[in-house]
There are 2 protein chains.
Amino acid sequence: MTDSSNDVTPDRLCKADALPPSDQHAQQYVAVRNAHETELLEDYVELIAHLLKHQGEARSTDIAARMGVSQATVSKTVTRLKALGLVSSKPYRSLFLTEKGEAMAAMSHQRHAIVLQFLRALGVSDRTARIDAEGMEHHVSQETLDIMQRYTREQERRSS
Amino acid sequence: MTDSSNDVTPDRLCKADALPPSDQHAQQYVAVRNAHETELLEDYVELIAHLLKHQGEARSTDIAARMGVSQATVSKTVTRLKALGLVSSKPYRSLFLTEKGEAMAAMSHQRHAIVLQFLRALGVSDRTARIDAEGMEHHVSQETLDIMQRYTREQERRSS
DNA sequence: CCTACAAGTTAACCTTGGCTAAAATATTAG
DNA sequence: CTAATATTTTAGCCAAGGTTAACTTGTAGG
């Protein structure tokens, strides 16, 4: 029995609780896995962009400190970012973003900002909002982002 | 210069945009990495609990289909779940949750439901809400969950 | 100028979470 | 009961993202 639709399921137990069909359900997990793949890259370029803008320079040391990892890890990840054409740098020198990297950083930063502002508008404390936004940002679709942005604006309008 | 607080930063460019201090910033990423570690485990136990409840049985085949991975992958992950004391099973037979596994499944399911309902209450379409909830659920703190739940109830009250 | 220290890189290792292919075990049909 | 089919497990592979330790390169001070 490969198909689970013709089963002797205790249907009395479920209701609105039912899962979507297998293939559709699988796509959800696939989407999450895909998000995971780019997550770290996005965090890096976002952070690099920020450092470039606010410190004038993006150094491995600072990235390591901010990401909470060792410099060796940064070095390895940067190698990957370079291979992907997101970052450029000369050996032992500080980092720069390619156009592609900048584009990704801008997108990522915008999404991050939308989620963060939304959480604050909802009433979440600053500390928590920051942590949650960091984790959530990569999993929020455009549709939801639009709705969040609308909500935030609505809240701001009211409190002014 | 290890400390980045005494820098010649172009401060005119920032504002509300400033990053938190390095150590605090690092904690955010650490939190996300920690969440990632348990994410998959939670998804598995949640799914197993669901299958047990709705199909009466949790089989590797179904899990593989629902998660969108190969059976070999399921087998390997289940080994890990068993080592962690979340799942029990005899070789070549279907799976069960330990008490610990059931507790985790219940928590995870509740969180999932809160996030999903919240997104729907916000006005996100069902399809998108499902996908986003799947990705977001592991990154939403208790504080935010409480606020989401309150919001959802508020919405439901209004539309009745 | 050269020496010490800071910063970046490399090497060797680990775990997780995927995969395919092949082997072992159940189940079902004839 | 046995043969075909379905399911589960195992083995061997890979990439990502961590680690520490050792090495290289850059930068300041004396």
Side-chain angles (χ1 to χ4, degrees), chain A residues 1-4 6-7 22 26-27 29-45 47-48 51 55 57-84 86-96 138, chain B residues 1-4 6-7 22 26 29-45 47-48 51 55 57-84 86-96 135 138:
Chain A
M1 199 207 311
T2 316
D3 190 358
S4 46
N6 56 347
D7 48 15
S22 281
Q27 279 183 290
Y29 289 109
V30 171
V32 173
R33 286 201 295 274
N34 289 342
H36 278 164
E37 276 179 27
T38 45
E39 232 173 273
L40 194 71
L41 289 330
E42 288 176 350
D43 286 343
Y44 267 78
V45 294
L47 179 52
I48 291 169
L51 290 172
Q55 329 253 46
E57 203 183 18
R59 323 188 66 205
S60 297
T61 292
D62 293 342
I63 295 171
R66 295 235 162 238
M67 298 280 297
V69 299
S70 70
Q71 282 185 222
T73 299
V74 172
S75 199
K76 214 203 279 191
T77 307
V78 165
T79 303
R80 213 175 130 228
L81 290 168
K82 289 208 262 183
L84 292 168
L86 295 164
V87 161
S88 69
S89 80
K90 292 185 188 151
Y92 296 96
R93 304 338 290 264
S94 70
L95 310 174
F96 298 94
H138 307 282
Chain B
M1 201 206 312
T2 315
D3 189 359
S4 48
N6 56 346
D7 47 14
S22 281
Y29 289 109
V30 171
V32 173
R33 285 201 298 273
N34 287 343
H36 278 163
E37 277 180 26
T38 45
E39 233 173 272
L40 194 72
L41 289 329
E42 288 177 350
D43 285 343
Y44 267 78
V45 295
L47 180 51
I48 291 169
L51 291 172
Q55 328 255 46
E57 204 183 17
R59 322 187 66 206
S60 297
T61 293
D62 293 341
I63 295 172
R66 296 235 161 236
M67 298 280 299
V69 299
S70 71
Q71 285 185 214
T73 298
V74 172
S75 199
K76 213 201 280 192
T77 306
V78 166
T79 302
R80 215 176 128 226
L81 290 168
K82 289 209 262 183
L84 292 169
L86 295 164
V87 162
S88 68
S89 81
K90 291 183 191 153
Y92 295 96
R93 301 343 288 265
S94 69
L95 310 174
F96 298 94
H138 306 282

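In what follows, chains are A, B, ... by sequence order, proteins preceding strands, each numbered from 1. Just so it is clear, the values below take in all heavy atoms, side chains as well, and ignore hydrogens, waters and symmetry mates.
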Checklist entry - What is the distance from CZ of R59(B) to C1' of dT9(D), rounded to the nearest Å? => result 14 Å
Checklist entry - V74(B) or Y92(A): which one's nearest nucleotide on DNA chain D is closer to the 5' end? => result V74(B)
Item to check | Audit row: M67(B), T73(B), side-chain contact (heavy atoms from CB on, under 4.5 Å) steps and yes/no | outcome: CA-CA 10 Å; M67(B) 298 280 299; T73(B) 298; over 6 Å; no
Checklist entry - What is the distance from atom OG of S60(B) to atom OH of Y92(B), rounded to the nearest 0.5 Å? => result 11.0 Å
Next on the checklist: dT8(D), OP1 or OP2 - any side-chain N/O from T61(B) closer than 4.0 Å?
Outcome noted: yes
Item to check | G68(B) backbone acceptor or donor facing R33(A) side chain under 3.5 Å | outcome: yes
Checklist entry - Which distance, rounded to the nearest 0.5 Å, do you find between the CD of E39(B) and the OH of Y44(B)? => result 13.0 Å
Checklist entry - Whole-Å distance between dA6(C) P and I63(A) CD1? => result 20 Å
Item to check | side-chain contact (heavy atoms from CB on, under 4.5 Å) evaluation trace for I63(A) with L95(A) | outcome: CA-CA 10 Å; I63(A) 295 171; L95(A) 310 174; 3.5 Å; yes
Next on the checklist: Taking the nucleotide of DNA chain C with the nearest heavy atom to each, does T79(A) or P91(B) sit closer to the 5' end?
Outcome noted: T79(A)
Detail all sub-3.5 Å separations between protein N/O atoms and N/O atoms belonging to nucleotides 13-16 of chain D.
unit_1	atom_1	unit_2	atom_2	d
dA16(D)	OP1	R80(A)	NE	3.3

Next on the checklist: Quick check for you: among dA7(C), dG18(D), dT20(C), whose closest atom lies nearest to any side-chain atom of S70(B)?
Outcome noted: dT20(C)
Item to check | Residue mapping more 5' on DNA chain D - nearest nucleotide basis, T73(B) or T73(A) | outcome: T73(B)
Checklist outcome for this item: To the nearest angstrom, the CD-P distance between Q55(A) and dA7(C) comes to 13 Å
Checklist entry - Out of dG18(D), dT27(D), dG8(C), which nucleotide sits closest to the side chain of R93(A)? => result dT27(D)
Checklist entry - Taking all non-hydrogen atoms of both residues, which atom of L51(B) and which atom of R66(B) are closest, and how far apart? => result CD2-NE, 4.4 Å
Next on the checklist: Using every non-hydrogen atom in the two residues, find where H138(A) and A35(A) come nearest and quote the distance to one decimal.
Outcome noted: O-CB, 3.6 Å
Item to check | Atom pair distance, as rounded to whole Å: CD in Q71(B) and C1' in dA11(D) | outcome: 16 Å
Next on the checklist: I need the CZ-C1' distance between R33(B) and dC14(C), as an integer number of Å.
Outcome noted: 16 Å
Checklist entry - Which of the following nucleotides, dT20(C), dA7(C), dT9(D), is nearest to the side chain of A72(B)? => result dT20(C)
Item to check | Length of the line joining D62(B):CG and dA6(D):P, which is rounded to integer Å | outcome: 15 Å
Checklist entry - For L41(B) and dT16(C), what is the distance between atoms CG and C1' respectively, to the nearest whole Å? => result 10 Å
Checklist entry - Whole-Å distance between dT16(C) C1' and E42(B) CD? => result 16 Å
Checklist entry - At under 4.0 Å between heavy atoms, what does S60(B) touch on the DNA or RNA strands: base, sugar-phosphate, or nothing? => result sugar-phosphate
